[in-house]
Structure formats: C-alpha cells, structure tokens
Novice: 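Sharing a structure with you now.
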Amino acid sequence: MKPARSFASDNNAGIHPEILKAIAQANEGHVVGYGADPYTQAMVEKFRDHFGKDTEAFVVFNGTGANCLSLQSLTKSYNAVICAASAHIYTDECGAPEKFTGCKLIPLETNDGKLTVEMVQHAHHGIGDEHHVQPKVVSITQSTEMGTVYQSQEIQALARFAHDHDMYLHVDGARIANAAASLGQTLRQATRDLGVDLLSFGGTKNGIMGGEAVLFFHPKLAADFLFLRKQAMQLASKMRFISVQLGALLTNDLWRTNAQHSNRMAKLLEKEIGQIPGVQIVYKVEANGVFARIPREAIKRIQDRYFFYVWNEEESVVRWMCSFDTTEDDVREFAAFVRQTVAA
C-alpha cells in the first residue's frame, strides 16, 4: 500500500481538527448570507487584531482569486505588474491575472525566487511614454515558490522603491504563515510593518479546508473591492463557512503552530535527504519545501510509491512539500525509500 501522506503539496493535506470543529459549530441555524453574518464580522476583527484596526479583509474562494482581485484593485489595463519568473501569478494561474486585469506581467529571472530592487529597477522604464505599459505593482511571493524566504530588509527595500516610484507592493501570501514562522515574526511584522500594501492571505496550505482572504492595509484601496469580487464570481453566499475557518486559524496562533510544524518537518527532511549520496539540495530550506536534484532514473521509481512533482525536468530537480500533518515517521520512511531507490 502507498503511504497515507505524500510530499507533493501542502494542498494535498487534510483539514486541521480545530478547523473542522469551527465549521461544525457554525453549522447551526440560519444567518444572513454573503458575509452579512456574525461569523464573518468576527473573522474581520481577528484579522484587525493581527494586522491593524484599519485593515480591510475580504473572503475569496482560492489563491488565484485572491491574487487576481488584488492586482485588479490596484491597476488599470495599461499598467504592468513586475514579478519573479517563477511567481505563481505568472506560471500557474493559466493567464488569469492578465485576463482579469488586462495588464501585462513582466517576469524577471531569479536564482532563488526573490526579486531585488536592482532587478525591479531594470524593469521600471518607459514611464509617461504612451507606447509602453506603465509599471504599477511589484508582486512578490512570501515564502517563494522555491521555498526561500525574503528577509525583512529585502521587503522593506522593495516597498520603498515601489512607493518612491508611485507603485504598490503586493504579496502573494499563500504561505505567509510559513514565512512569518521562519522569521520568528508576527503576521503584521512580516507584512504591513515592512511596507506591504496588499496581501493575498493563504489558509488552504496551512490546515483549512478552503478559502483565502484579501487584506488591504490602506482602506481607500478597497473602495471598489465588493464589486470586483462579485464580478469575479468570488463572493460566497454561505460565507460563514469560510470565515470561521480563517477565524480559527487566527485563534490561539494556530496559524503559527501549523506553519512551525511543517517548517520543522522540511528541515528534518533536508537533514535526512542531505545525507544520501547522489542527492543535492538546490535551494535554501527556509519554509516547508525541499528542492533536490536526484538521479533522473530514480524519479519515476520514487513516484511509483510517493506522489510528488518534478520542478525542473531538464535539471532533474524535484519538489517535496511538508504539511501541518506530516510526521517525523513520514519523513524518515520517505528518506529511507529515497536512499534505497537512489542506491539501486
């Protein structure tokens, strides 16, 4: 039998018991739909406790919706969004950001998934020229698609550059909890306090059943968001069932507990895998992902037992993700199987 838990994606994990409990508790009686319910208001207040009293929080169904609507709220069709070439908005959202914003994405190649001011500066040109798109947003992913984490000063520098050039800084925070936990910071310290304007807050990868939030740290930017969300088919009628999940994640630091655990399992996996001859860790393990170069002929054999994705087929690099429910036994059994397969 194949193991119950794989290392393909934190999307593949189950639901944390506290989240299931919150859903069950909300499943009593009738409340007004579309977010005009006490559960959603309580969730908004939870976000304000974490990020600041003037934070505007909106529930959406998924990360692509959060990212597209975040970018749409900041741009006009002649604008451009600067991002890493590995960014989810560029590689894994089927052109949805371009479709919904009408904007051009400007992807920049990076070695570790992280943008720098120097990279962004190189892409920031043609300002005022009607023949060129006008850069309006710098979008970064924290933690990155390569499992690396921006340090505070790196985000501050990008925010400073964006604001000095009449731009905004958006964070795709599908794994913002993992990044904050890695840095030993609160959610606010890892985002708003560094100059971030808009955050796609992820919960699905950190133990909830489904749902994300868009967080505005400047209320004026949220003026039209209710209408944008409706047009984008991201307005949940029974919103309370998403709201209570996010609220539970923000209660008693469950977000941190889950993220710390998945990060810790990734470090253990790095340690176990790093001892195998013929296996090379290719990026710093700073969140809950491990990227490794392994012999090409071993990939299919390992995948026959454990489902995971090949990150770079040409370079034989694979991605292994840990989750809130990954156990030490899972890691050690997987590493032993990789060792056995590579040796063979």
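We use all heavy atoms of the structure for the numbers below, so side chains are in, but hydrogens, waters and symmetry mates are not. Predicted model only: the values in this text are computed from it and were never measured.
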Novice: Taking side chain as C-beta onward, heavy atoms only, is R264 less than 4.5 Å from E328?
Specialist: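 They are not in side-chain contact.
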
Novice: Tell me, do F201 and V214 make a side-chain contact under 4.5 Å, heavy atoms counted?
Specialist: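 The answer is no; the side chains never approach within 4.5 Å.
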
Novice: Can you confirm whether P135 sits close enough to I127 that some side-chain heavy atom of one is under 4.5 Å from a side-chain heavy atom of the other?
Specialist: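 Yes. Closest side-chain heavy atoms under 4.5 Å.
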
Novice: Nearest 0.5 Å please: distance from the CD atom of E212 over to the CD1 atom of I176.
Specialist: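 Going from CD on E212 over to CD1 on I176, the span is 12.5 Å.
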
Novice: Between E145 and K114, is there a salt bridge with N-O shorter than 4.0 Å?
Specialist: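 Result for this pair is no, no salt bridge flagged.
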
Novice: Ion pair present between D304 and K300, side-chain N to carboxylate O less than 4.0 angstrom?
Specialist: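 Looking at K300 together with D304, the answer is yes, because their closest N to O distance falls below 4.0 Å.
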
Novice: Any donor-acceptor pair under 3.5 Å linking the side chain of S262 with the backbone of A259?
Specialist: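 Checked: pair present.
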
Novice: If I compare all heavy atoms of A190 with all of I155, which pair ends up nearest, and what's the gap?
Specialist: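 Taking every non-hydrogen atom into account, O-CD1, 4.1 Å.
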
Novice: Check this for me: does any side-chain nitrogen of one of K136 and D166 sit under 4.0 Å from a carboxylate oxygen of the other?
Specialist: yes

Novice: Is there a salt bridge (Lys or Arg N to Asp or Glu O under 4.0 Å) between E315 and R293? Walk through the geometry before answering.
Specialist: CA-CA 7 Å; E315 298 182 9; R293 180 177 291 108; 3.5 Å; yes

Novice: Is L235 reachable from L71 through a run of I, L, V, M, F, W or Y residues, each pair having side-chain heavy atoms under 4.5 Å apart?
Specialist: no

Novice: Check whether D253 reaches the backbone of R256 with its side chain - one donor and one acceptor, N or O, closer than 3.5 Å.
Specialist: no

Novice: Have T64 and N67 got a donor and an acceptor in their side chains that come within less than 3.5 Å?
Specialist: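 No pair is found: no donor N or O on one side chain lies under 3.5 Å from an acceptor on the other.
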
Novice: What is the minimum heavy-atom distance between P107 and L105, and which atoms define it?
Specialist: CD-O, 3.3 Å

Novice: Locate the shortest heavy-atom distance separating Q25 from E28; write the atom from each residue and the value.
Specialist: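 Q25 and E28 have their closest heavy atoms at O-CG, 3.7 Å.
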
Novice: When the ring planes of Y283 and F291 are compared, do they come out parallel, tilted or perpendicular, using 30° and 60° as the limits?
Specialist: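 Rings of Y283 and F291: perpendicular, as their planes differ by over 60°.
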
Novice: Measure centre to centre between the rings of Y39 and F241, then say whether the value is under 6.0 Å.
Specialist: no

Novice: Under 3.5 Å, side chain of T326 to main-chain N/O of C322, donor-acceptor pair present?
Specialist: no

Novice: Examine L74 and V196 and state if one hydrophobic cluster contains both, with Ile, Leu, Val, Met, Phe, Trp and Tyr joined whenever side-chain heavy atoms are less than 4.5 Å apart.
Specialist: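 Unlinked, L74 and V196 end up in two clusters.
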
Novice: Hey, what do you get for OG1 (T144) to CD (E286), rounding to the nearest 0.5 Å?
Specialist: 8.0 Å

Novice: Quick one: does Q134's side chain have a donor or acceptor within less than 3.5 Å of a partner on G126's backbone?
Specialist: yes

Novice: Hey, could you give me the CG/NE2 distance between L249 and H50, rounded to the nearest 0.5 Å?
Specialist: 8.5 Å

Novice: Decide yes or no on side-chain hydrogen bond (donor to acceptor under 3.5 Å, both in side chains) for Q142 and D172, but give the supporting numbers first.
Specialist: CA-CA 6 Å; Q142 178 74 323; D172 177 350; over 6 Å; no

Novice: So do the side chains of N263 and K267 get within less than 4.5 Å of each other, counting heavy atoms only?
Specialist: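 No. Closest side-chain heavy atoms not under 4.5 Å.
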
Novice: Just how far is it from atom OG of S86 to atom CG of L108, taken to the nearest 0.5 Å?
Specialist: 10.0 Å

Novice: Are L228 and F61 linked, directly or through intermediate hydrophobic residues, by side-chain heavy-atom contacts shorter than 4.5 Å (ILVMFWY only)?
Specialist: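 Different hydrophobic clusters.
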
Novice: Should we count CG of D224 as having more than 12 external heavy atoms under 6.0 Å?
Specialist: no

Novice: Between R175, R5, K205, which is the residue that forms a salt bridge (Lys or Arg N to Asp or Glu O under 4.0 Å) with D10?
Specialist: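 With D10 as partner, salt bridge (Lys or Arg N to Asp or Glu O under 4.0 Å) holds for just one option, R175.
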
Novice: Compute the centroid of each ring, for F307 and then for F7, and state whether the two points are separated by less than 6.0 Å.
Specialist: no

Novice: Under 3.5 Å, is there a donor-acceptor pair between the side chain of R240 and the main chain of V32?
Specialist: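 No, the answer is negative, given that no donor and acceptor are paired below the 3.5 Å cut-off.
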
Novice: Return the minimal non-hydrogen interatomic distance between A298 and T341, and the atom names on each side.
Specialist: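 Residues A298 and T341, closest heavy atoms: O-CG2, 3.9 Å.
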
Novice: Would the number of heavy atoms belonging to other residues, nucleotides or ligands and lying under 6.0 Å from NE2 of H122 be above 12?
Specialist: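 Not more than 12 within 6.0 Å, no.
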
Novice: Around E314, counting heavy atoms of other residues, nucleotides and ligands shown, do more than 12 lie under 6.0 Å from its CD?
Specialist: no

Novice: Is there a donor-acceptor contact under 3.5 Å from the side chain of D197 to the main chain of H170?
Specialist: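 Answer holds: no.
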
Novice: Rounded to the nearest 0.5 Å, how far does CG of L115 lie from SG of C83?
Specialist: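 Taking SG in C83 and CG in L115, the distance rounds to 7.5 Å.
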
Novice: Does atom OH of Y90 have more than 12 heavy-atom neighbours from other groups under 6.0 Å away?
Specialist: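 Atom OH in Y90 is not packed in, count stays at 12 or less.
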
Novice: Would you say the side-chain atoms of H124 pair up with the backbone N or O of V120, donor to acceptor, closer than 3.5 Å?
Specialist: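 No, the answer is negative, given that no donor and acceptor are paired below the 3.5 Å cut-off.
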
Novice: Please check if V285 and I273 belong to a single hydrophobic cluster, counting links between Ile, Leu, Val, Met, Phe, Trp and Tyr side chain heavy atoms closer than 4.5 Å.
Specialist: yes

Novice: Any luck finding a side-chain donor-acceptor pair between H218 and D54 under 3.5 Å?
Specialist: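 No.
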
Novice: Ignoring hydrogens and angles, tell me if any N or O in the side chain of Q245 forms a donor-acceptor pair with the backbone of M209 under 3.5 Å.
Specialist: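 Yes; at least one donor-acceptor contact below 3.5 Å.
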
Novice: Is the shortest heavy-atom distance from the side chain of H16 to the side chain of T257 under 4.5 Å?
Specialist: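 Answer no - side chains too far apart.
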
Novice: Can any side-chain N or O of R192 pair as donor or acceptor with the backbone N or O of F51 at less than 3.5 Å?
Specialist: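 Yes, because the side chain of R192 sits within donor-acceptor range (under 3.5 Å) of the backbone of F51.
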
Novice: Of all heavy-atom pairs between I89 and S139, which one has the smallest distance, and what is that distance?
Specialist: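 The pair with the smallest heavy-atom distance is CD1-OG, 3.7 Å.
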
Novice: Thinking salt bridges, do D193 and R188 make one under a 4.0 Å N-O criterion?
Specialist: yes

Novice: Can I242 and K238 be said to form a side chain to side chain contact (heavy atoms under 4.5 Å, CB included), step by step?
Specialist: CA-CA 8 Å; I242 302 178; K238 294 186 179 181; over 6 Å; no

Novice: Of all the heavy-atom pairs spanning G289 and A266, show the shortest one and how long it is.
Specialist: N-CB, 4.0 Å

Novice: For M321 and N288, what are the C-alpha separation, side-chain angles and deciding distance, and is it a side chain to side chain contact (heavy atoms under 4.5 Å, CB included)?
Specialist: CA-CA 6 Å; M321 300 298 298; N288 63 320; 3.6 Å; yes

Novice: Assess whether atom CD of E313 is packed by more than 12 heavy atoms of other residues, nucleotides or ligands within 6.0 Å.
Specialist: no

Novice: For F337, is the NZ or CZ atom of R305 found under 6.0 angstrom from the centre of its six-membered ring and inside 45 degrees of the ring axis?
Specialist: yes

Novice: Take atom CG in N111; do more than 12 heavy atoms of anything else shown fall under 6.0 Å from it?
Specialist: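 At most 12 heavy atoms, drawn from other residues, nucleotides or ligands, come within 6.0 Å of this atom.
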
Novice: Under a 4.5 Å side-chain heavy-atom rule over Ile, Leu, Val, Met, Phe, Trp and Tyr, are L169 and V149 clustered together?
Specialist: no

Novice: To the nearest 0.5 Å, what is the distance between OG (S316) and CH2 (W311)?
Specialist: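 CH2 of W311 is found 15.0 Å from OG of S316.
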
Novice: Less than 3.5 Å apart, any donor N or O on the side chain of S152 or Q185 sitting next to an acceptor on the other?
Specialist: yes

Novice: Are there more than 12 heavy atoms of other residues, nucleotides or ligands under 6.0 Å from atom CG of N252?
Specialist: no

Novice: Side-chain contact, heavy-atom cut-off 4.5 Å: N62 with T204?
Specialist: no

Novice: Are L69 and F100 packed together at the side-chain level, in the sense that at least one heavy-atom pair is separated by less than 4.5 angstrom?
Specialist: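 L69 vs F100: side chains apart.
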
Novice: Under 4.5 Å between any side-chain heavy atoms of V310 and Q303, yes or no?
Specialist: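 Touching, per the 4.5 Å side-chain cut-off.
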
Novice: Check for a donor-acceptor pair, side chain of T101 on one end and backbone N or O of C103 on the other, with a separation under 3.5 Å.
Specialist: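 It does hold such a pair.
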
Novice: Any salt bridge between R301 and E297, counting N to O under 4.0 Å?
Specialist: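 No, no charged N to carboxylate O under 4.0 Å.
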
Novice: Aromatic contact between Y306 and W320, with the criterion being ring centroids under 6.0 Å apart: yes or no?
Specialist: no

